[in-house]
**Student:** 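My structure is below; once you've seen it, I'll send some questions.
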Amino acid sequence: MAAIIVVGAQWGDEGKGKATDILGGRVDYVVKPNGGNNAGHTVVVGGEKYELKLLPAGVLSENATPMIGNGCVVNLEALFEEIDGLEARGADTSKLRISGNAHMVAPYHQTLDRVTERFLGKRAIGTTGRGIGPTYADKVGRVGLRVQDIFDESILRQKIEAALHQKNQILVKLYNRRAIEADRIFDYFMSYADRLKPMVVDSAYVLNEALDAGKHVLMEGGQATMLDVDHGTYPFVTSSNPTSGGACVGAGIGPTKITSTLGIIKAYTTRVGAGPFPTELFDKWGEFLQTTGGEVGVNTGRLRRCGWYDSVLARYASRVNGFTDLFVTKLDVLTGIGEIPICVAYDVDGVRHDEMPLTQSDFHHAVPIYETMPAWDEDITGCTTLEELPEKARDYLARLEELSGCRISYVGVGPGRDQTIIVNDLLA
(Lines give C-alpha, C1' and ligand atoms only; values in the text may rest on other atoms or scores of the structure.)
Protein backbone atom coordinates (compact mmCIF):
# COMPACT_ATOMS: atom_id res chain seq x y z
CA MET A 1 0.00 0.00 0.00
CA ALA A 2 1.15 3.54 -0.79
CA ALA A 3 -0.70 6.80 -0.20
CA ILE A 4 1.31 9.62 -1.77
CA ILE A 5 0.48 13.32 -1.67
CA VAL A 6 1.85 15.56 -4.44
CA VAL A 7 2.01 19.21 -3.38
CA GLY A 8 3.30 22.37 -5.05
CA ALA A 9 6.01 23.95 -2.89
CA GLN A 10 5.86 27.47 -4.35
CA TRP A 11 2.98 29.45 -5.92
CA GLY A 12 1.84 26.79 -8.37
CA ASP A 13 2.87 25.86 -11.91
CA GLU A 14 5.83 23.86 -10.58
CA GLY A 15 5.15 20.80 -12.73
CA LYS A 16 2.79 18.79 -10.52
CA GLY A 17 1.12 17.36 -13.60
CA LYS A 18 4.36 15.80 -14.80
CA ALA A 19 5.09 14.32 -11.37
CA THR A 20 1.60 12.89 -11.13
CA ASP A 21 1.80 11.51 -14.64
CA ILE A 22 5.08 9.72 -13.90
CA LEU A 23 3.79 8.14 -10.70
CA GLY A 24 0.21 7.77 -11.87
CA GLY A 25 1.01 5.01 -14.32
CA ARG A 26 1.86 2.75 -11.38
CA VAL A 27 -0.91 3.58 -8.93
CA ASP A 28 -4.52 2.46 -8.78
CA TYR A 29 -6.17 5.83 -8.09
CA VAL A 30 -5.21 9.43 -8.77
CA VAL A 31 -7.41 11.83 -6.83
CA LYS A 32 -7.60 15.60 -7.06
CA PRO A 33 -8.42 16.76 -3.50
CA ASN A 34 -8.85 20.52 -3.90
CA GLY A 35 -9.44 23.35 -6.33
CA GLY A 36 -11.44 23.47 -9.52
CA ASN A 37 -10.80 24.44 -13.12
CA ASN A 38 -8.53 27.21 -11.83
CA ALA A 39 -5.65 24.80 -11.28
CA GLY A 40 -4.12 23.79 -14.57
CA HIS A 41 -1.51 21.11 -15.24
CA THR A 42 0.56 20.61 -18.38
CA VAL A 43 1.52 17.03 -19.21
CA VAL A 44 3.62 15.98 -22.21
CA VAL A 45 3.04 12.39 -23.35
CA GLY A 46 4.61 10.97 -26.51
CA GLY A 47 5.55 14.45 -27.66
CA GLU A 48 1.95 15.66 -27.31
CA LYS A 49 1.07 18.38 -24.81
CA TYR A 50 -2.11 18.11 -22.76
CA GLU A 51 -3.34 21.07 -20.74
CA LEU A 52 -5.58 19.80 -17.96
CA LYS A 53 -7.66 22.13 -15.84
CA LEU A 54 -10.29 20.38 -13.75
CA LEU A 55 -9.38 16.78 -14.46
CA PRO A 56 -6.60 15.02 -12.51
CA ALA A 57 -3.43 14.40 -14.50
CA GLY A 58 -4.04 10.72 -13.78
CA VAL A 59 -6.78 10.77 -16.40
CA LEU A 60 -4.02 10.16 -18.98
CA SER A 61 -2.82 7.04 -17.17
CA GLU A 62 -3.80 3.72 -18.69
CA ASN A 63 -3.93 2.01 -15.31
CA ALA A 64 -5.18 4.49 -12.72
CA THR A 65 -8.75 5.48 -11.94
CA PRO A 66 -8.89 9.29 -11.87
CA MET A 67 -11.09 10.83 -9.19
CA ILE A 68 -12.30 14.33 -8.32
CA GLY A 69 -12.40 14.42 -4.53
CA ASN A 70 -14.84 15.91 -2.07
CA GLY A 71 -12.59 18.93 -1.52
CA CYS A 72 -12.95 20.10 -5.12
CA VAL A 73 -15.44 22.47 -6.69
CA VAL A 74 -16.80 21.28 -10.03
CA ASN A 75 -17.84 23.43 -12.99
CA LEU A 76 -19.93 20.96 -14.97
CA GLU A 77 -19.68 22.85 -18.24
CA ALA A 78 -15.89 22.98 -17.96
CA LEU A 79 -15.79 19.33 -16.87
CA PHE A 80 -17.54 18.01 -19.94
CA GLU A 81 -15.74 20.36 -22.31
CA GLU A 82 -12.46 18.98 -21.00
CA ILE A 83 -13.66 15.39 -21.21
CA ASP A 84 -14.88 15.88 -24.78
CA GLY A 85 -11.57 17.53 -25.75
CA LEU A 86 -9.55 14.60 -24.44
CA GLU A 87 -11.87 12.02 -25.99
CA ALA A 88 -11.48 13.79 -29.35
CA ARG A 89 -7.72 13.27 -29.05
CA GLY A 90 -8.14 9.55 -28.35
CA ALA A 91 -7.89 9.59 -24.55
CA ASP A 92 -10.14 7.29 -22.51
CA THR A 93 -11.92 9.15 -19.69
CA SER A 94 -14.50 6.46 -18.94
CA LYS A 95 -12.95 5.58 -15.56
CA LEU A 96 -13.36 9.10 -14.15
CA ARG A 97 -15.18 9.21 -10.82
CA ILE A 98 -16.46 12.23 -8.88
CA SER A 99 -17.22 12.57 -5.18
CA GLY A 100 -20.88 13.13 -4.36
CA ASN A 101 -19.72 15.55 -1.66
CA ALA A 102 -17.83 17.86 -4.04
CA HIS A 103 -19.46 21.24 -4.50
CA MET A 104 -20.66 22.57 -7.85
CA VAL A 105 -19.81 25.92 -9.39
CA ALA A 106 -22.98 27.76 -10.43
CA PRO A 107 -23.10 30.45 -13.13
CA TYR A 108 -23.85 33.02 -10.43
CA HIS A 109 -20.57 32.15 -8.71
CA GLN A 110 -18.67 33.12 -11.85
CA THR A 111 -20.66 36.34 -12.18
CA LEU A 112 -19.93 37.30 -8.58
CA ASP A 113 -16.24 36.47 -8.99
CA ARG A 114 -15.83 38.77 -11.98
CA VAL A 115 -17.82 41.73 -10.67
CA THR A 116 -16.16 41.54 -7.26
CA GLU A 117 -12.69 41.66 -8.80
CA ARG A 118 -13.67 44.71 -10.87
CA PHE A 119 -15.17 46.36 -7.80
CA LEU A 120 -11.93 45.85 -5.82
CA GLY A 121 -9.94 47.74 -8.45
CA LYS A 122 -6.32 48.14 -7.29
CA ARG A 123 -7.03 45.78 -4.39
CA ALA A 124 -8.03 42.94 -6.73
CA ILE A 125 -6.67 39.51 -5.77
CA GLY A 126 -5.99 38.38 -9.33
CA THR A 127 -8.44 35.46 -9.41
CA THR A 128 -9.11 33.48 -12.57
CA GLY A 129 -12.73 34.71 -12.59
CA ARG A 130 -14.01 31.13 -12.69
CA GLY A 131 -16.16 31.37 -9.57
CA ILE A 132 -13.92 29.25 -7.38
CA GLY A 133 -13.75 31.63 -4.40
CA PRO A 134 -17.52 32.32 -4.28
CA THR A 135 -18.22 28.56 -4.50
CA TYR A 136 -15.94 27.82 -1.55
CA ALA A 137 -17.50 30.77 0.31
CA ASP A 138 -20.94 29.21 -0.17
CA LYS A 139 -19.57 25.85 0.97
CA VAL A 140 -18.32 27.34 4.23
CA GLY A 141 -21.48 29.45 4.54
CA ARG A 142 -23.55 26.26 4.18
CA VAL A 143 -25.50 27.46 1.18
CA GLY A 144 -23.53 25.49 -1.40
CA LEU A 145 -24.70 23.00 -4.01
CA ARG A 146 -23.14 19.54 -3.84
CA VAL A 147 -22.84 17.06 -6.69
CA GLN A 148 -25.20 14.68 -4.88
CA ASP A 149 -27.93 17.36 -4.91
CA ILE A 150 -28.42 16.75 -8.61
CA PHE A 151 -30.04 13.40 -7.68
CA ASP A 152 -32.94 15.16 -5.93
CA GLU A 153 -34.59 17.79 -8.10
CA SER A 154 -36.68 19.17 -5.25
CA ILE A 155 -33.67 19.65 -2.98
CA LEU A 156 -31.63 21.16 -5.81
CA ARG A 157 -34.33 23.70 -6.63
CA GLN A 158 -34.75 24.66 -2.96
CA LYS A 159 -31.02 25.19 -2.53
CA ILE A 160 -30.75 27.29 -5.68
CA GLU A 161 -33.66 29.50 -4.59
CA ALA A 162 -32.16 29.94 -1.12
CA ALA A 163 -28.77 30.88 -2.53
CA LEU A 164 -30.22 33.34 -5.05
CA HIS A 165 -32.33 35.06 -2.43
CA GLN A 166 -29.10 36.53 -1.09
CA LYS A 167 -27.04 36.63 -4.29
CA ASN A 168 -29.61 38.66 -6.21
CA GLN A 169 -29.71 41.28 -3.48
CA ILE A 170 -25.95 41.70 -3.86
CA LEU A 171 -25.97 41.68 -7.66
CA VAL A 172 -28.83 44.15 -8.02
CA LYS A 173 -28.29 46.55 -5.13
CA LEU A 174 -24.51 46.58 -4.86
CA TYR A 175 -23.25 45.83 -8.36
CA ASN A 176 -26.20 47.13 -10.42
CA ARG A 177 -26.58 43.84 -12.27
CA ARG A 178 -29.72 41.95 -13.29
CA ALA A 179 -31.23 39.40 -10.94
CA ILE A 180 -30.63 35.77 -11.91
CA GLU A 181 -33.64 33.48 -12.35
CA ALA A 182 -33.67 30.27 -10.32
CA ASP A 183 -35.22 28.34 -13.21
CA ARG A 184 -32.28 29.15 -15.46
CA ILE A 185 -29.79 27.82 -12.90
CA PHE A 186 -31.89 24.72 -12.24
CA ASP A 187 -32.14 23.95 -15.97
CA TYR A 188 -28.38 24.48 -16.32
CA PHE A 189 -27.58 21.80 -13.74
CA MET A 190 -30.23 19.34 -14.88
CA SER A 191 -28.91 19.50 -18.44
CA TYR A 192 -25.83 17.64 -17.19
CA ALA A 193 -27.55 15.29 -14.73
CA ASP A 194 -27.87 12.15 -16.86
CA ARG A 195 -24.27 12.28 -18.00
CA LEU A 196 -22.95 13.06 -14.52
CA LYS A 197 -24.78 10.42 -12.46
CA PRO A 198 -22.76 7.33 -13.54
CA MET A 199 -19.54 9.06 -12.44
CA VAL A 200 -20.61 9.89 -8.88
CA VAL A 201 -19.33 7.76 -5.98
CA ASP A 202 -18.65 7.87 -2.25
CA SER A 203 -15.02 8.75 -2.88
CA ALA A 204 -13.76 8.46 0.71
CA TYR A 205 -15.18 4.94 0.97
CA VAL A 206 -13.74 3.85 -2.38
CA LEU A 207 -10.26 5.24 -1.65
CA ASN A 208 -10.01 3.82 1.87
CA GLU A 209 -11.23 0.42 0.71
CA ALA A 210 -8.53 0.51 -1.97
CA LEU A 211 -5.81 1.33 0.56
CA ASP A 212 -7.02 -1.39 2.92
CA ALA A 213 -6.77 -3.81 0.01
CA GLY A 214 -3.11 -2.90 -0.50
CA LYS A 215 -3.60 -0.65 -3.51
CA HIS A 216 -1.81 2.62 -4.28
CA VAL A 217 -3.46 6.06 -4.16
CA LEU A 218 -1.92 9.30 -5.35
CA MET A 219 -3.36 12.65 -4.22
CA GLU A 220 -2.64 15.36 -6.76
CA GLY A 221 -2.87 18.79 -5.14
CA GLY A 222 -3.97 21.82 -7.12
CA GLN A 223 -2.34 25.26 -6.76
CA ALA A 224 0.46 25.22 -4.16
CA THR A 225 1.62 25.86 -0.61
CA MET A 226 2.00 29.63 -0.89
CA LEU A 227 -1.56 29.87 -2.25
CA ASP A 228 -3.02 27.98 0.72
CA VAL A 229 -5.79 30.02 2.36
CA ASP A 230 -4.21 29.42 5.81
CA HIS A 231 -0.50 29.03 5.10
CA GLY A 232 -0.03 31.12 1.95
CA THR A 233 0.49 34.80 1.22
CA TYR A 234 -2.99 35.79 2.36
CA PRO A 235 -5.08 37.45 0.95
CA PHE A 236 -3.34 36.70 -2.36
CA VAL A 237 -4.25 33.02 -2.13
CA THR A 238 -6.74 30.50 -3.40
CA SER A 239 -9.87 29.51 -1.46
CA SER A 240 -8.87 25.99 -0.44
CA ASN A 241 -6.04 24.20 1.36
CA PRO A 242 -3.62 22.88 -1.29
CA THR A 243 -1.19 21.68 1.38
CA SER A 244 -0.79 18.08 2.51
CA GLY A 245 -3.28 18.42 5.38
CA GLY A 246 -5.84 19.75 2.91
CA ALA A 247 -5.21 16.74 0.67
CA CYS A 248 -6.20 14.41 3.51
CA VAL A 249 -9.42 16.34 4.08
CA GLY A 250 -10.18 16.76 0.38
CA ALA A 251 -9.75 13.06 -0.36
CA GLY A 252 -11.21 11.67 2.85
CA ILE A 253 -8.02 9.78 3.71
CA GLY A 254 -6.69 9.98 7.27
CA PRO A 255 -3.12 11.20 7.89
CA THR A 256 -2.02 7.88 9.40
CA LYS A 257 -2.39 6.27 5.98
CA ILE A 258 -0.05 8.69 4.20
CA THR A 259 3.25 7.05 3.23
CA SER A 260 4.98 9.92 1.35
CA THR A 261 4.51 13.63 0.73
CA LEU A 262 6.26 14.83 -2.42
CA GLY A 263 6.93 18.55 -2.83
CA ILE A 264 7.18 19.82 -6.40
CA ILE A 265 9.52 22.78 -6.75
CA LYS A 266 11.10 24.54 -9.71
CA ALA A 267 14.84 25.11 -9.93
CA TYR A 268 13.80 28.78 -9.84
CA THR A 269 10.54 30.42 -8.72
CA THR A 270 7.42 31.68 -10.51
CA ARG A 271 4.10 33.20 -9.57
CA VAL A 272 0.89 34.15 -11.42
CA GLY A 273 -1.35 36.91 -10.12
CA ALA A 274 -0.88 39.60 -7.51
CA GLY A 275 0.94 39.36 -4.19
CA PRO A 276 4.45 39.59 -2.69
CA PHE A 277 7.31 37.73 -4.35
CA PRO A 278 10.74 38.48 -2.78
CA THR A 279 13.00 37.05 -5.53
CA GLU A 280 11.00 38.42 -8.47
CA LEU A 281 13.19 39.66 -11.32
CA PHE A 282 12.52 42.68 -13.50
CA ASP A 283 15.64 42.48 -15.63
CA LYS A 284 16.93 40.40 -18.53
CA TRP A 285 17.12 37.30 -16.34
CA GLY A 286 13.45 37.54 -15.50
CA GLU A 287 12.72 37.68 -19.22
CA PHE A 288 15.14 34.80 -19.83
CA LEU A 289 13.41 32.54 -17.31
CA GLN A 290 10.01 33.54 -18.65
CA THR A 291 10.95 32.83 -22.26
CA THR A 292 13.21 29.80 -21.86
CA GLY A 293 10.96 28.21 -19.26
CA GLY A 294 7.80 28.80 -21.30
CA GLU A 295 6.25 30.51 -18.29
CA VAL A 296 2.66 31.08 -19.38
CA GLY A 297 -0.30 30.10 -17.17
CA VAL A 298 -2.19 27.02 -18.42
CA ASN A 299 -5.58 28.34 -17.38
CA THR A 300 -5.19 32.08 -17.77
CA GLY A 301 -2.63 32.58 -20.53
CA ARG A 302 -0.98 35.15 -18.26
CA LEU A 303 2.80 35.42 -18.23
CA ARG A 304 4.23 34.11 -14.99
CA ARG A 305 6.35 36.36 -12.81
CA CYS A 306 9.83 34.84 -12.48
CA GLY A 307 12.59 34.90 -9.87
CA TRP A 308 15.49 32.92 -8.46
CA TYR A 309 15.16 29.89 -6.18
CA ASP A 310 13.94 30.87 -2.72
CA SER A 311 15.19 28.45 -0.08
CA VAL A 312 13.42 30.31 2.75
CA LEU A 313 10.14 29.58 1.01
CA ALA A 314 11.25 25.99 0.32
CA ARG A 315 12.04 25.37 4.00
CA TYR A 316 8.69 26.82 4.99
CA ALA A 317 6.84 24.61 2.51
CA SER A 318 8.76 21.55 3.67
CA ARG A 319 7.79 22.29 7.26
CA VAL A 320 4.05 22.94 6.85
CA ASN A 321 3.61 19.99 4.48
CA GLY A 322 5.92 17.52 6.15
CA PHE A 323 7.66 16.77 2.86
CA THR A 324 9.46 13.46 2.71
CA ASP A 325 10.85 14.15 -0.77
CA LEU A 326 11.30 16.91 -3.37
CA PHE A 327 10.85 16.83 -7.14
CA VAL A 328 12.96 19.62 -8.68
CA THR A 329 11.63 20.58 -12.12
CA LYS A 330 13.01 22.62 -15.02
CA LEU A 331 16.66 22.27 -14.07
CA ASP A 332 17.49 22.46 -17.79
CA VAL A 333 16.24 26.05 -17.98
CA LEU A 334 19.28 27.24 -15.98
CA THR A 335 21.79 25.81 -18.47
CA GLY A 336 24.38 28.31 -19.70
CA ILE A 337 23.44 31.35 -17.61
CA GLY A 338 26.86 31.79 -15.97
CA GLU A 339 26.02 32.20 -12.31
CA ILE A 340 22.87 31.14 -10.47
CA PRO A 341 21.76 33.20 -7.45
CA ILE A 342 20.02 31.32 -4.62
CA CYS A 343 18.05 33.19 -1.99
CA VAL A 344 19.27 31.89 1.39
CA ALA A 345 17.63 34.46 3.71
CA TYR A 346 15.71 37.75 3.74
CA ASP A 347 16.67 41.20 4.91
CA VAL A 348 13.71 43.01 6.47
CA ASP A 349 14.56 46.57 7.54
CA GLY A 350 18.13 45.57 8.36
CA VAL A 351 17.23 42.36 10.20
CA ARG A 352 18.20 38.99 8.71
CA HIS A 353 15.43 36.36 8.53
CA ASP A 354 16.51 32.79 7.83
CA GLU A 355 12.90 31.65 8.13
CA MET A 356 9.59 33.02 6.92
CA PRO A 357 8.80 36.37 8.59
CA LEU A 358 5.89 36.33 11.02
CA THR A 359 3.81 39.03 9.36
CA GLN A 360 2.60 39.58 5.83
CA SER A 361 3.93 43.14 6.02
CA ASP A 362 7.46 41.91 6.75
CA PHE A 363 7.24 39.35 3.96
CA HIS A 364 6.09 42.08 1.58
CA HIS A 365 9.18 44.14 2.45
CA ALA A 366 11.62 41.20 2.43
CA VAL A 367 14.76 41.71 0.33
CA PRO A 368 16.48 38.47 -0.71
CA ILE A 369 19.99 37.70 0.49
CA TYR A 370 21.74 35.72 -2.23
CA GLU A 371 24.63 33.37 -2.63
CA THR A 372 25.71 32.34 -6.11
CA MET A 373 26.80 29.11 -7.72
CA PRO A 374 28.30 28.51 -11.16
CA ALA A 375 25.98 27.22 -13.85
CA TRP A 376 26.80 24.51 -16.38
CA ASP A 377 26.97 24.81 -20.16
CA GLU A 378 26.32 21.21 -21.17
CA ASP A 379 22.94 20.07 -22.53
CA ILE A 380 21.31 18.02 -19.77
CA THR A 381 17.98 17.24 -21.44
CA GLY A 382 19.07 13.70 -22.25
CA CYS A 383 20.50 12.83 -18.84
CA THR A 384 18.84 9.86 -17.14
CA THR A 385 20.92 9.57 -13.95
CA LEU A 386 22.53 12.00 -11.51
CA GLU A 387 25.93 10.72 -12.58
CA GLU A 388 25.27 11.88 -16.15
CA LEU A 389 24.62 15.45 -15.01
CA PRO A 390 27.54 17.91 -15.14
CA GLU A 391 29.31 18.34 -11.80
CA LYS A 392 28.07 21.93 -11.46
CA ALA A 393 24.46 20.79 -11.90
CA ARG A 394 24.95 18.12 -9.22
CA ASP A 395 26.49 20.73 -6.92
CA TYR A 396 23.52 23.03 -7.43
CA LEU A 397 21.07 20.25 -6.57
CA ALA A 398 23.10 19.30 -3.50
CA ARG A 399 22.97 22.90 -2.27
CA LEU A 400 19.20 23.11 -2.85
CA GLU A 401 18.76 19.88 -0.91
CA GLU A 402 20.84 21.22 1.97
CA LEU A 403 19.04 24.59 2.09
CA SER A 404 15.55 23.16 1.65
CA GLY A 405 15.80 20.58 4.41
CA CYS A 406 14.50 17.71 2.31
CA ARG A 407 16.02 15.08 0.05
CA ILE A 408 15.64 15.45 -3.71
CA SER A 409 14.21 12.27 -5.20
CA TYR A 410 13.27 13.40 -8.72
CA VAL A 411 14.83 15.90 -11.13
CA GLY A 412 13.15 17.21 -14.27
CA VAL A 413 15.54 17.93 -17.15
CA GLY A 414 12.93 18.62 -19.83
CA PRO A 415 9.16 18.68 -20.40
CA GLY A 416 8.75 15.09 -21.56
CA ARG A 417 7.55 12.24 -19.38
CA ASP A 418 10.86 10.45 -19.92
CA GLN A 419 12.99 13.52 -19.15
CA THR A 420 13.11 12.82 -15.44
CA ILE A 421 15.96 11.56 -13.29
CA ILE A 422 14.67 9.24 -10.57
CA VAL A 423 16.96 9.23 -7.53
CA ASN A 424 14.59 7.62 -5.02
CA ASP A 425 11.49 5.91 -6.39
CA LEU A 426 8.54 6.34 -4.01
CA LEU A 427 6.84 3.30 -5.50
CA ALA A 428 9.87 1.02 -5.53
Side-chain angles (χ1 to χ4, degrees), residues 4-23 41-44 57 220-221 224-226 244 260-271 279 289 292-295 304 306-319 321 323-337 340-344 371-376 378-426:
I4 301 171
I5 301 175
V6 172
V7 178
Q10 297 160 322
W11 279 284
D13 308 304
E14 301 94 346
K16 296 182 294 296
K18 179 179 182 179
T20 303
D21 183 57
I22 290 169
L23 294 168
H41 295 312
T42 300
V43 178
V44 179
E220 169 199 328
T225 301
M226 300 309 294
S244 58
S260 303
T261 303
L262 178 63
I264 315 303
I265 195 163
K266 278 180 185 167
Y268 50 97
T269 310
T270 64
R271 176 168 197 169
T279 66
L289 293 175
T292 309
E295 299 299 348
R304 297 174 187 142
C306 296
W308 300 120
Y309 188 89
D310 188 334
S311 64
V312 180
L313 187 149
R315 287 194 295 275
Y316 175 78
S318 180
R319 183 165 59 250
N321 288 290
F323 288 149
T324 59
D325 304 84
L326 285 177
F327 189 139
V328 176
T329 61
K330 294 197 172 184
L331 183 66
D332 55 299
V333 174
L334 300 179
T335 300
I337 68 171
I340 312 171
I342 305 172
C343 173
V344 296
E371 66 176 45
T372 59
M373 295 192 70
W376 52 95
E378 300 91 334
D379 179 8
I380 65 171
T381 57
C383 293
T384 58
T385 65
L386 278 181
E387 291 71 27
E388 292 177 7
L389 287 174
E391 182 179 1
K392 292 176 182 177
R394 295 198 303 272
D395 289 345
Y396 181 70
L397 290 172
R399 185 58 176 148
L400 297 192
E401 191 172 65
E402 179 183 12
L403 288 167
S404 304
C406 187
R407 71 176 184 178
I408 294 172
S409 292
Y410 299 85
V411 181
V413 293
R417 176 187 281 179
D418 57 344
Q419 290 180 295
T420 302
I421 296 171
I422 300 176
V423 183
N424 300 292
D425 189 357
L426 298 185

**Student:** Atom CD1 of I422 and atom CG of L386: how far apart are they, to the nearest 0.5 Å?
**Tutor:**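 Answer rounded to 0.5 Å: 11.0 Å.
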**Student:** Walk me through it: do Y309 and S404 pass the test side chain to side chain donor-acceptor pair (under 3.5 Å)?
**Tutor:** CA-CA 10 Å; Y309 188 89; S404 304; 2.6 Å; yes
**Student:** Could I get the full list of ring pair (Phe, Tyr, Trp, His ring centres under 6.0 Å) partners for F327, not counting sequence neighbours?
**Tutor:**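 Residues passing ring pair (Phe, Tyr, Trp, His ring centres under 6.0 Å) with F327: Y410.
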**Student:** Does the side chain of L334 reach to within under 4.5 Å of the side chain of L289, using non-hydrogen atoms?
**Tutor:**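 Yes, close enough: below the 4.5 Å cut-off.
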**Student:** Quick check: do F323 and V7 have side-chain heavy atoms less than 4.5 Å from each other?
**Tutor:**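 The answer is yes; the side chains approach within 4.5 Å.
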**Student:** Heavy atoms, side chains only, cut-off 4.5 Å: are M373 and I342 in contact?
**Tutor:**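 Contact flag for M373/I342 side chains = yes.
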**Student:** Could you go through the side-chain contact (heavy atoms from CB on, under 4.5 Å) check for R315 and L403 one step at a time?
**Tutor:** CA-CA 7 Å; R315 287 194 295 275; L403 288 167; 4.2 Å; yes
**Student:** So, Y396 side chain and A267 main chain: donor-acceptor pair closer than 3.5 Å or not?
**Tutor:**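 The answer is yes, because a donor-acceptor pair under 3.5 Å joins these two groups.
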**Student:** Are any non-hydrogen side-chain atoms of Q419 and K18 less than 4.5 angstrom apart?
**Tutor:**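 SC-SC contact between Q419 and K18 confirmed.
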**Student:** For L313, is there any backbone N or O sitting under 3.5 Å from a side-chain donor or acceptor partner on Q10?
**Tutor:**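 Pair absent, no side-chain N/O of Q10 close to backbone of L313.
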**Student:** Nearest 0.5 Å please: distance from the CD1 atom of I22 over to the CG atom of D418.
**Tutor:**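 I22 CD1 to D418 CG: 9.0 Å, rounded to 0.5 Å.
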**Student:** Using the side chain to side chain donor-acceptor pair (under 3.5 Å) criterion, which residues pair with T279? Sequence neighbours excluded.
**Tutor:**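 Partners of T279 under the side chain to side chain donor-acceptor pair (under 3.5 Å) test: none.
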**Student:** E295: what forms a salt bridge (Lys or Arg N to Asp or Glu O under 4.0 Å) with it, not counting sequence neighbours?
**Tutor:**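 With sequence neighbours excluded, E295 shows a salt bridge (Lys or Arg N to Asp or Glu O under 4.0 Å) to K266, R304, K330, given in chain and number order.
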**Student:** Would you compute the distance between atom CG of L331 and atom CD1 of I408 and round it to the nearest 0.5 angstrom?
**Tutor:**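 L331 atom CG to I408 atom CD1 measures 9.0 Å (nearest 0.5 Å).
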**Student:** Taking only residues two or more places apart in sequence or in another chain, which ones pass salt bridge (Lys or Arg N to Asp or Glu O under 4.0 Å) with R319?
**Tutor:**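 Salt bridge (Lys or Arg N to Asp or Glu O under 4.0 Å) check on R319 returns E355.
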**Student:** Could you go through T292 and I337, starting from their C-alpha distance and side-chain angles, then the distance that decides it, and tell me whether this counts as side-chain contact (heavy atoms from CB on, under 4.5 Å)?
**Tutor:** CA-CA 11 Å; T292 309; I337 68 171; over 6 Å; no
**Student:** Would you please name every residue forming a salt bridge (Lys or Arg N to Asp or Glu O under 4.0 Å) with E402, sequence neighbours left out?
**Tutor:**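 With neighbours one apart ignored, the set is R399.
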**Student:** Nearest 0.5 angstrom please: D13 CG to T270 OG1, how far?
**Tutor:**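 Those atoms lie 5.0 Å apart.
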**Student:** Taking the side chain as every heavy atom from C-beta outward, state whether L389 and L397 have any pair of such atoms under 4.5 Å apart.
**Tutor:**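 When only atoms from C-beta onward are counted, L397 and L389 do touch, with a gap below 4.5 Å.
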**Student:** Using salt bridge (Lys or Arg N to Asp or Glu O under 4.0 Å) as the criterion, list what pairs up with D325, not counting sequence neighbours.
**Tutor:**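 So D325 forms a salt bridge (Lys or Arg N to Asp or Glu O under 4.0 Å) with R407.
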